[in-house]
Amino acid sequence: MGPVAGVRVMNAAAMEKAVQLVRQARRIVVFTGAGVSTESGIPDFRSPGGIWSRYDPEEFTYSRFMSSEEARRQHWQMLKEIFLAYQAEPNPAHHAIAELDRRGQLDCVITQNVDGLHQKAGVPEEKVFELHGTMRWAYCLACGRRYPMEEVSAWLSRGIEVPECTSCGGTLKPAVVFFGESLPALVLAEATRRAQACDLFLVAGSSLVVYPAAYLPEYALRSGAKLIIVNLTATHLDVRAEVVLSGRAGEILDQLVRKAVGA
Ligand code: NAD
């Protein structure tokens, strides 16, 4: 007998079942969280040693960012430490997902990540839906001018602690969605539509506790898609997955996609 849906095992039979699901799928939506990027050196939020073991999430809300220059200084310091301190590179998880696209099976990537590593691995820009925005840009809250993050990052390295717009002196904000801010409506609507239209929904590296992002696998399930979950730790949707592959996303997705495409 094959593995039962929801059983949390990373064995040959579970991998084989996942391989069959990927082979049969025509429209795969891959949904990623911070766990696909930890192997690129970017910490996630909730694992031991993650971002919330060093910073208090209450301090990093949109209203706090807007409240004072000191709050903005702290925000930029945290973002610099996590995302700008070095050049993160895609890892085998990102490359495996890009390979699905080259094989014509990837409908899109819906990501909670803000690091831009899916695009860097070769997934086309128009196929990546960034629910929580991106660290690739900052923009001026007064005049809207956009700045590539490399430029802002260079200012921070030179000792500017609270970057301002060089055109109008307005406040610069990274294009990430802060706590207390709405998700980009068009991105969320399109991600929802695609989740409802796919035949396979593959979650990788997400605790599935941040909403509304975590509704998307539920929409996919309700529309009849099969669910695969690849994660280090258990999620509340494991019981509804066809297969749960427990372990590191880089190793598992690399193996899964290689086997599925017969490489
Ligand atoms: P999360 O921190 O809540 O969960 C990450 C999950 O990934 C955990 O369940 C953990 O067990 C798992 N994980 C960690 N390393 C893994 C690995 N190598 N392989 C497989 N699984 C692994 O993250 P989330 O679900 O994305 O939600 C939290 C928020 O984190 C999102 O809003 C996102 O915007 C933000 N975030 C993004 C980044 C990034 O862009 N790289 C980094 C940190 C946080």
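Each ligand, and each atom within it, is numbered from 1 in the order the structure gives. Both backbone and side-chain heavy atoms feed into the values below; hydrogens, waters and symmetry mates do not.
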Location of contacts on I42 toward ligand 1, heavy atoms closer than 4.0 Å: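 Looking at I42 and ligand 1, just side chain atoms fall under 4.0 Å.
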Contact partition for Q112 relative to ligand 1, non-hydrogen atoms under 4.0 Å: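 Under 4.0 Å from ligand 1, Q112 contributes backbone and side-chain atoms.
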List the closest protein heavy-atom neighbour of [atom]: residue, atom name, distance to the nearest 0.1 Å.
| atom | value |
| --- | --- |
| atom 35 (C) of ligand 1 | F45 CE1, 3.4 Å |
| atom 23 (O) of ligand 1 | A34 CB, 3.6 Å |
| atom 12 (C) of ligand 1 | N231 OD1, 3.2 Å |
| atom 32 (O) of ligand 1 | H132 ND1, 2.6 Å |
| atom 40 (O) of ligand 1 | V114 N, 2.7 Å |
| atom 15 (N) of ligand 1 | T38 OG1, 2.9 Å |
| atom 28 (C) of ligand 1 | R46 NH1, 3.3 Å |
| atom 37 (C) of ligand 1 | N113 OD1, 3.7 Å |

Give the numbers and elements of all ligand 1 atoms closer than 4.0 Å to a heavy atom of [X].
| X | result |
| --- | --- |
| T233 | 8 (C), 9 (O), 10 (C), 11 (O) |
| G205 | 5 (C), 6 (C), 7 (O), 21 (N) |
| S37 | 41 (N) |
| G35 | 5 (C), 7 (O), 13 (N), 14 (C), 15 (N), 16 (C), 17 (C), 18 (N), 19 (N), 22 (C) |
| R248 | 19 (N) |
| G247 | 19 (N), 20 (C) |
| V210 | 27 (O), 28 (C) |
| G33 | 26 (O) |

R27 (side chain) donor-acceptor with D199 (main chain) under 3.5 angstrom: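 No; judged by distance alone, with no hydrogens or angles, the pair does not exist.
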Sidechain-backbone polar pair: N91 side chain, V36 backbone, donor-acceptor under 3.5 Å: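 Flag set: sc N91 to bb V36 pair under 3.5 Å.
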Salt bridge flag under 4.0 Å for residues R194 and E190: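 Between E190 and R194 there is a salt bridge, with a charged N closer than 4.0 Å to a carboxylate O.
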Just wondering, do [Y] and [X] contact through their side chains at under 4.5 Å, heavy atoms?
| X | Y | answer |
| --- | --- | --- |
| E130 | V187 | no |
| L256 | L202 | yes |
| K17 | E242 | yes |
| S206 | T235 | no |

Kindly assign one of parallel, tilted or perpendicular to the pair [X] and [Y], based on the angle between their ring planes and the thresholds 30° and 60°.
| X | Y | value |
| --- | --- | --- |
| Y62 | F178 | tilted |
| Y211 | H236 | tilted |
| F65 | H75 | perpendicular |

Audit row: E69, R73, salt bridge (charged side-chain N to carboxylate O under 4.0 Å, His left out) steps and yes/no: CA-CA 6 Å; E69 179 145 328; R73 195 188 62 71; over 6 Å; no
Any side-chain donor near an acceptor of the partner, Y215 and T192, under 3.5 Å: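 No.
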Close approach of P43 to ligand 1, heavy atoms, under 4.0 angstrom: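 Yes; P43 lies near enough to ligand 1 that a heavy-atom distance drops under 4.0 Å.
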Within-shell test, A88 vs ligand 1, heavy atom, strictly < 4.0 Å: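 The answer is no, since A88 has no heavy atom less than 4.0 Å from ligand 1.
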Rounded distance [0.5 Å steps], CD1 in I228 versus CG in L253: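 Interatomic distance, I228 CD1 to L253 CG, rounded to 0.5 Å: 9.5 Å.
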Heteroatom proximity flag, A249 to ligand 1, N/O under 3.5 Å: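 Yes; the residue has a nitrogen or oxygen that sits under 3.5 Å from a nitrogen or oxygen of the ligand.
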